[in-house]
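Let me give you the structure first, and then I'll get to my questions.
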Amino acid sequence: MIDTIVLTQLLNGFILGLIYGLMAIGLTMIWSVTDLPDFSQGGIYIISAYVAYWTITLLNVPYFLAIPIGALAGILLSVAFERIVYDRLRPSGVLSCLLAAIALFFLLENAANALWTPKAKIMSVPETEVSINLFGIVTSYHRIIIFIISVLLFIFVHLFIKYTKIGMAMRAVAEDREIAALMGIDTSKVYIATWALGGALTSVAAILISPLYAVWPGMGTLPLLKALVVVILGGFGSIIGALIGGLILGLIETFGAIYVSAAYQHGFAFILLLLTLSLRPKGLFGRR
Amino acid sequence: MSEKKRLGKKSIAIVIIAVIVIVIGSVLGWYFMMAPAAPRVIKIGYSAPFTGPAAEFGTNGWRGISIALEEINAKGVYIKGEKYTVEVIRYDDRCEPTEGAAAVKKLILEDKVIAILGSHCSSVCMAIAPLCDENRIPGITIECAADAVTSPGHEYYFRMRPSMGLMAPLITPVIIDKLKPSKIGFLAINDDYGRSFVESFKKNFEGYGVSTVVEEYFERGATDFYPYLTAIKAAKPDIVFYVGVTPEGALILKQAKELGLIPEVKFIGSEEMGEYELVSLAGKEAVAGTYAISLWAPKPEIRELASKVKEKFNAPMHYAIVFGYDALHVLVKAIEMAQSLDPAKIKDALKKLEYEGLQGHIKFESFEYGGKLFVNQGRWTPYLIRWTEVGEKELIGP
Amino acid sequence: MLKVTGLTKSFGKLVAVNNLSFTVSEGERVAIIGPNGAGKTTTFNLITGHLKPDRGVVEFYGKNITGLKPYKICRAGIGRTFQIVRSFPNFTVFEHVLVGAISRYGPRAQMDLLKNQTENVIQKLGLNAKKNTIVRNLTIVDKKRVELATALALKPKLLLLDELMAGLNPAEIDEYIELLKRINEEDGITLIVVEHVMRAVMKLCNRIIVMHYGKKLAEGTPMEISTNRDVIEAYLGEGVAYA
Amino acid sequence: MAGHNKNNIYLKKSLFYPRAIRFLPIIITIVILIMLPLYASSYIVFVAAIALLYAMVAAGYDVLLGYTGQLSFCQGAFYGIGAYLSAILTVNYGWSFWQAMPISVLFVGLVSAIIGYPALRLRGAYFAVTTFFLAHFVYLIFLNEVSLTGGPLGFRGIRPPEPIGPLSFESMANGYLLILFSFIIIYALLRKFVNSNVGLILKSIEQDDILAESMGINTAAYKLLSFVISAIVAGYAGTMFAHFFRLLHPTTFSWFLSEMVVIITLVGGVGTLIGPVLGAGIVTFILEFLRFAPEIRYVGWAIALIAILMFEPKGLMGLIKRIGVR
């Protein structure tokens, strides 16, 4: 009996880790390319979940079609923020950009609360809520979908960064913005691509997790904070780091909640952050 | 431009900004104070959380009040033969004490209300109660649960629903009689509401020789209950009280079903879980067969209110709507009894009146219970209901 | 005074400074020259603690200061300026130099002691006219002068100047050479200068160290260096080196 | 002084500028604030008191953000620790406020030093994110250590500060005046500190900490000093709040408060000390003014904030400087 519980928790921790990882990739790309820990992704996390929720309930679009639609919303918002807010604020330093990001997150959270009332909405996806018994582990079909989609996304992003032109340009800008600009890379195009990628990943993470939990205005804060920890833990700008970091945090939180204390469940991320920063500030796979 | 002039200009700019801020502040304050009392309007204040994690309570409370307001103003309120209309001014307190205090002070001192409704979160109620006494303005809380709100009590602060400490002794015998548990467990939200719920029910069940085997707390807005449910599964209780808001309740039931805890263990929800919203969120199958302590029984007049709510707000019935509705009616009845707008007379009327509310028979008494002195506290017995397979409420007791 | 032995620093595969050793005694005016990427600035950074050496020891008046924090090394009496000029943009020139004085005498020192320390450094460098100008509005040349002034306000024993003369016209170069000579002779401040402007090196310095790909190629008086075959070869490229 | 120089903006501590004119605006404002309880309702006095507490924390915070360039999100945590500790000492251990307050402030200073030392080695955004988490972790402690802080049940029955001679702080007006006077004292101390040599060093760190370090300034020590100072001011404001409002609950000290302090400092104008004080006034005024629209209050506020950030990144003081200089 005991090991099935441990196995179930292992899977849950794994799935949670993948979600943190997904969001962390977006953040780590944006942070390394533009030097900005983009808090507004927390807001995009919320809005994309709502967009997916409304497309499913109002337009009764199947869940799998809602994911790209939500992701599109995330991309548009993300790029809009870059063009309208961050681009203008960049000359006055990272400080103002960071605060604008927080203000945007604050705005989206309260806008969601005002527009769609604070009541939590459950995104019921009947086809995937069927619970199956996978060699002893009681889990739902949906979690397997999360597993598959996130692994595919990780591979896609990894290849995208390594082999496409835009991907290389992003890495160049991440290394050193001035030199990249000197070498003829159009930095504003790279910024748009980075923000689009970030927005897409954050939205997919939000839409994947929503059926398991709920969609409500306050859903953005904790995942954003956890993803930031994962970025630092995994190492600045490293995709594999975001994945591994996410898994570590997911597992520690799930098992920590049972064996240590559930009340401080969200405190483990903080302890993990402190350990990383004191032992290995540049993270597991970080370069800088 | 010599330095002298330039520095002068800068300081003058600062003082202009500072003075403008102060002047606007006081002018506005002055304007509110001097606002001529519009002819024959009864101004009532309402402080509730419209933003933040508890925003749902405020929204529902406001729905109940606005329906009651329509009914009252349709009839009009007659004091010494003159017809008055009622106006309710509402402010957001974000379920945070300093915001609540600022909101209520503004209502009393600036908007000159003669009575206060609110708030919903016990921490805010504890900040509001002394203000009512200080300014001698009667206040009725919509749904604060913690005992500390009315004990030690405040002469001008009233509560209709039984507090957490009082609910346990009233409903425990019903649960013992109907479900006959031997080991119980708790999964409660980690806030004043959850903590006082567990504390009082644990004490009362021990009175009947029923022991508590597991006690878990989760954060407001939590969504992953697998760790807690796994711990509960290991402790093997007969019944589990799960305490929180409906979204959390729905997730608990869905995740408990996933872990096979339901139907093996009987789940009894706190008063939130006696709402239709739980069914809409968790789905009929997850809810079927589970129990809940409910603050309103499926009576005909509540069905009538439910249809009004559906038609006006397209929202399911919720006990905060019932409380908001009852609170305004009780307050207006007191004003009519006192036949005056003097807050002190309204307070005295409130202390004497009895009112057949949708929630139950409302009478504000002061009494001793469990070593605590309660003041202006309502004491009707809550209902134990069971969710049927069809997602309807079935009254089990009393 | 300054003894550097076996200094080595590599970034991944690139060995920036390779087993460099040299000594500088008090009052000397030494120049370090070499083509770009020879490791001159890296050597400076290793001495002032901005970079930690992989191997080697830096001794100042016999005390081992290898790898100490930059502010400790500075307090030991080593001032420096940067290849790409660094400054506090929002300060006035007076405040900028004052920071050097405060760092030297501590924030609790008498205000007038600090004031006249700053005044006479500004006087010495001819910045009086621009005393109240915000540094951001100065030309690059003036900014370098302010950076030098701030370093001097620290009353250092040894001053490391990284391409101070770059971008100056001949008249300004001569003016600086006179200035540096006066600082060296009157205030007894030893100078180590990284320069590309050969005119300045020849006129100012009594000893030259030539670095090439991180190694010390040659060391000696200006005369010896100008006729040294290896130096010419390294500078003007192979095949051209004939006396 | 060589002749008049065209691009000479202005001397900060000019000698020949008559003292009176320079201090006149500040004196007028203080007089208005002192008279406030006489002509304004206790609602405005209460809101002004909370605004003054915010102004105190924001001014202290400006030393850290404006003068030393370190963005931190844990002022709310220090404010909370000060409040809870002073409440616990006075209510549970029967200390008088005048004993509990200094101890609480010192404790906050100690905690900030212990946390600050490792955290300050981090660069910019890393430091900001760590302090963001620290604030959330301290909030979790307030919420979960029920035996110590009363957790979600709140901490009640805090007595106002004991009277000094005839002056009792029982009433709201006196409580407000105590906050006002301590604000004035703290602001004066901070102004003196910021204009001192140490202030100049902090400003040098804010502009280029590598150059400052190579100029012999122990940047780590000075960053820690400014971190501790801003924490101590926040801790002190916390003790004032506890004995003014007399009810503590974890929600008051969530990261919302830290974020508000950062916003106030920036809206007011970073690195000017008077900026955050005006920022506190403006922000409180806007939020109180928007009370009539409960749902969209914070949406409107967030839009206003973004507009301010976009059009005047230097905040209010930047605006004034632009008006002043032209």
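Chain letters run A, B, ... following the sequence lines, proteins first, then strands; residues in each count from 1.
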Checklist entry - Under a 4.5 Å heavy-atom cut-off, does chain D meet the side chain of P130(B), its backbone, both or neither? => result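 Answer is neither: P130(B) stays 4.5 Å or more from chain D.
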
Item to check | Partner chain B: residue of S42(D), A293(D), S254(D) with the largest heavy-atom pair count (under 4.5 Å) | outcome: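 Top count of heavy-atom pairs under 4.5 Å with chain B: S42(D).
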
Item to check | Basic-acidic side-chain contact under 4.0 Å: E215(B), K202(B) | outcome: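 A salt bridge links E215(B) with K202(B).
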
Next on the checklist: Is S123(B) in contact with chain D via its backbone, its side chain, both, or neither, using a 4.5 Å heavy-atom distance?
Outcome noted: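 Contact with chain D involves both backbone and side-chain atoms of S123(B).
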
Checklist entry - Given that the side chain runs from C-beta out, which part of R156(D) has a heavy atom under 4.5 Å from chain B: side chain, backbone, both or neither? => result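 Contact with chain B involves the side chain of R156(D) alone.
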
Item to check | Contact class of V146(D) relative to chain B, heavy atoms under 4.5 angstrom | outcome: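 Side chain of V146(D) only, per the 4.5 Å heavy-atom cut-off to chain B.
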
Next on the checklist: Need one label for A48(B): side chain, backbone, both or neither, based on atoms under 4.5 Å from any heavy atom in chain D.
Outcome noted: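 Neither; nothing under 4.5 Å.
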
Next on the checklist: Using 0.5 Å steps for rounding, measure from the CD1 atom of I50(D) to the OH atom of Y176(D).
Outcome noted: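 Output value for this atom pair is 12.5 Å.
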
Item to check | E143(B) and T141(B) side chains, donor-acceptor separation under 3.5 Å | outcome: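 No - no donor-acceptor pair under 3.5 Å links their side chains.
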
Item to check | Residue from F137(D), Y139(D), Y84(D) passing ring-ring contact (aromatic ring centres under 6.0 Å, His included) with F253(D) | outcome: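 Single ring-ring contact (aromatic ring centres under 6.0 Å, His included) partner of F253(D) among F137(D), Y139(D), Y84(D): Y84(D).
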
Checklist entry - What part of A55(B) gets closer than 4.5 Å to chain D, counting heavy atoms only: side chain, backbone, both or neither? => result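 Contact with chain D is absent: no heavy atom of A55(B) under 4.5 Å.
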
Item to check | 4.5 Å side-chain heavy-atom contact, P97(B) and T252(D) | outcome: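 P97(B) reaches T252(D) side chain to side chain.
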
Checklist entry - For E99(B), is it the side chain, the backbone, both or neither that has a heavy atom under 4.5 Å from a heavy atom of chain D? => result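 Backbone plus side chain of E99(B), per the 4.5 Å heavy-atom cut-off to chain D.
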
Item to check | Cys pair C144(B), C121(B): SG separation below 2.5 Å | outcome: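 Answer is no, sulfur atoms not closer than 2.5 Å.
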
